[in-house]
Undergrad: 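Dropping a structure here in structure tokens format, bear with me for questions.
So you know, we letter chains A, B, ... as the sequences are listed, proteins then strands, and number each from 1. Since this is a predicted model, take the numbers as computed values, not measurements. Computed from heavy atoms alone, side chains included, the values below leave out hydrogens, waters and symmetry copies.
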Protein chains: 2
Amino acid sequence: MKNIKPKLIRLFKGGYCTPQIARIAKTINEPSATLHYNIKKLENEGAIKTYKAVFDYKKIDEGFCAYVLIAFSPAEYSTPERIARALSKHKEVESVDLITGDWELIIKVRTKDQDEYYNFLRNVISREHGLQKTKSMISLKQFKTEFISL
Amino acid sequence: MKNIKPKLIRLFKGGYCTPQIARIAKTINEPSATLHYNIKKLENEGAIKTYKAVFDYKKIDEGFCAYVLIAFSPAEYSTPERIARALSKHKEVESVDLITGDWELIIKVRTKDQDEYYNFLRNVISREHGLQKTKSMISLKQFKTEFISL
DNA sequence: GTATCTATCTGAACTAGGTTCAAATTTTGA
DNA sequence: TCAAAATTTGAACCTAGTTCAGATAGATAC
């Protein structure tokens, strides 16, 4: 057994998919060549970043999900970008946004379970310099993600 | 001019894409037929929900993004599901999660601009019965979304 | 208003690559 | 240890993505 599943998940998470032109052609009743032209235009404009898969995360050992609010220490107010980009690099991190209000950053994190989430907080969040305070909001139930209803 | 762009965006947001088996085959050096078998298995298990596009949202008139925290009024504590599902139906809503902590729901919303966001709050959030309080956290800069770095 | 240039649309031919199938191999669990 | 089930794979097949050149529509300038 070659255990190809984890490789597929890794690749599909960020790309390795492509439009189904023929199916779209039937759906909206337009010629394939016309759709091809319009899709390539969107890609060349950079409007489409990638084509990827959306998973039922419970079924791929990423059933635990949390939003983490982060506040910087005063010394780091000037370099939120550095921290945001550092956090973005981790595979567990689905999204990173700089926000208005009482907190500076909100990130969405997916792990296998609470134990792995604890490790993530300890090994990634805590070790990042310049963080003053964090607050976890743990997802009890996900109704929609990445525009896909569950 | 047929103005196909909005139709493509609508379709690609939720699906109408498919895996690139040949490219994966080259990348991880496995036969196409083997990959096909493993991918179909993931699909049949329900591990893969769909294949879809990720956009540069600034370029498709969805540049404004906000997270909304929502608290229910006491009378609605027993039916958070109804409200969560109702909110999920709106095209502006990227995600909906029931969470622990001071708030009950967190939703991520994308609109063209602040004006459209205001309309969304007024027409969708305010009209939903059973909400006690909301708090918007507006995204000033997005570093990563849907696992895709920007 | 019309001429010219550019962008978009489209059918047809071409080609890449997804799918099927049957046989071989590996894994499972009785 | 053996039989059933799951996985792997090459080869043939066929769906569907891509290319291209001509047609059409839209934009710009005079």
Undergrad: Judged by each residue's nearest nucleotide on DNA chain C, which is more toward the 5′ side, B/Ile4 or A/Met1?
TA: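 Nearer the 5' end of the strand: B/Ile4.
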
Undergrad: Answer yes or no: does atom CD of B/Glu45 have more than 12 heavy-atom neighbours from other residues, nucleotides or ligands under 6.0 Å?
TA: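 More than 12 heavy atoms, drawn from other residues, nucleotides or ligands, come within 6.0 Å of this atom.
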
Undergrad: List the atom pairs, with distances to 0.1 Å, where a side-chain N or O of residues 133-141 of chain A and a protein N or O form a donor-acceptor pair under 3.5 Å, not counting sequence neighbours.
TA:
unit_1	atom_1	unit_2	atom_2	d
A/Lys135	NZ	B/Asp102	OD2	2.7
A/Ser136	OG	A/Tyr117	OH	2.6
A/Ser139	OG	B/Asp97	OD2	2.6

Undergrad: What is the distance, to the nearest angstrom, from the NZ atom on A/Lys41 to the P atom on C/dT10?
TA: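 In whole Å, C/dT10 P and A/Lys41 NZ are 15 Å from each other.
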
Undergrad: Return the value, rounded to whole Å, for the distance between atom CD of A/Gln20 and atom C1' of D/dT15.
TA: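 Going from A/Gln20 (CD) to D/dT15 (C1'), I get 12 Å.
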
Undergrad: Can you give me the closest heavy-atom contact between A/Lys52 and A/Gly14, atom names plus distance?
TA: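 Nearest pair, atom of A/Lys52 first, then A/Gly14: CB-C, 4.1 Å.
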
Undergrad: Check whether any side-chain nitrogen or oxygen of B/Lys2 sits under 4.0 Å from OP1 or OP2 of C/dT8, and answer yes or no.
TA: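 Indeed not, no polar side-chain atom of B/Lys2 lies that close.
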
Undergrad: Figure out the NZ/C1' separation between A/Lys5 and D/dT8, and round it to whole Å.
TA: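 Taking atom C1' of D/dT8 as the reference, NZ of A/Lys5 is at 18 Å.
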
Undergrad: For the pair A/Glu92 and A/Arg110, evaluate salt bridge (Lys or Arg N to Asp or Glu O under 4.0 Å) and give the outcome as yes or no after the intermediate values.
TA: CA-CA 5 Å; A/Glu92 297 91 343; A/Arg110 289 189 183 277; over 6 Å; no

Undergrad: May I have the distance from B/Tyr16 (atom OH) to D/dA16 (atom C1'), rounded to whole angstrom?
TA: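 Whole-Å distance recorded here is 16 Å.
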
Undergrad: Would you please say whether a donor-acceptor pair under 3.5 Å links the side chains of B/Tyr67 and B/Glu94?
TA: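 Absent: no donor and acceptor within the cut-off.
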
Undergrad: Tell me which residues in residues 21-38 of chain B put a heavy atom below 4.0 Å from DNA chain C, sorted by number, or none.
TA: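 Within this stretch, B/Ile21, B/Ala22, B/Ala33, B/His36 sit under 4.0 Å of the strand.
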
Undergrad: Is any side-chain heavy atom of B/Leu150 closer than 4.5 Å to one of B/Phe143?
TA: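 Not in contact.
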
Undergrad: Check the distance between C/dT10's C1' and A/Lys40's NZ and give it to me in whole angstrom.
TA: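 To the nearest whole Å, that distance equals 18 Å.
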
Undergrad: Rounding to a whole Å, what distance do you find between A/Ile39:CD1 and C/dC9:P?
TA: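 From A/Ile39 CD1 to C/dC9 P: 12 Å.
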
Undergrad: Atom CG of A/Asn44 and atom P of C/dA7: how far apart are they, to the nearest Å?
TA: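 Rounded to the whole Å, the gap is 13 Å.
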
